[in-house]
Amino acid sequence: ALAAWSRCTERKSPNATLVMAVGGGALDLRLGGGGHYHGHWQTAPILGGANPPATQDIQRATRLVSHATLVWIIAYCLFGIGTTITSLYP
């Protein structure tokens, strides 16, 4: 995930691109790339890992999000991290 994050230099979206790169890297899945938007082809970088996604990866991705959410909740309860971050962005 950290390696995918460091390779994520071409970010059109400050939010979605980075999340796709890190999530794809954590699961070793190749995400992103070009696509049709509003009838026009737009190029975009390949993000994440090396393997193309498959149907069975949906369960893995869901598990990753569940675990990340649990870690965030525990960190919030133990350290109050959420209150610090929300105070930075009023």
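For the pair Cys77 and Ile73, the minimum side-chain heavy-atom distance is below 4.5 Å. Between Leu27 and Asp57, the closest side-chain pair of non-hydrogen atoms is not below 4.5 Å.
Minimum interatomic distance between Asp28 and Gly49 (heavy atoms only, all atoms of both residues): OD1-CA, 3.5 Å. Nearest heavy atoms, Leu64 versus Ala26: CD2-CB, 4.1 Å. Scanning both residues, Arg30 and Ala50, for their nearest heavy atoms gives NH1-O, 3.1 Å.
One hydrophobic cluster, built from ILVMFWY side chains closer than 4.5 Å, cannot hold both Leu31 and Ile58; they sit in different ones.
Atom CD of Gln59 has 12 or fewer heavy atoms from other residues, nucleotides or ligands within 6.0 Å.
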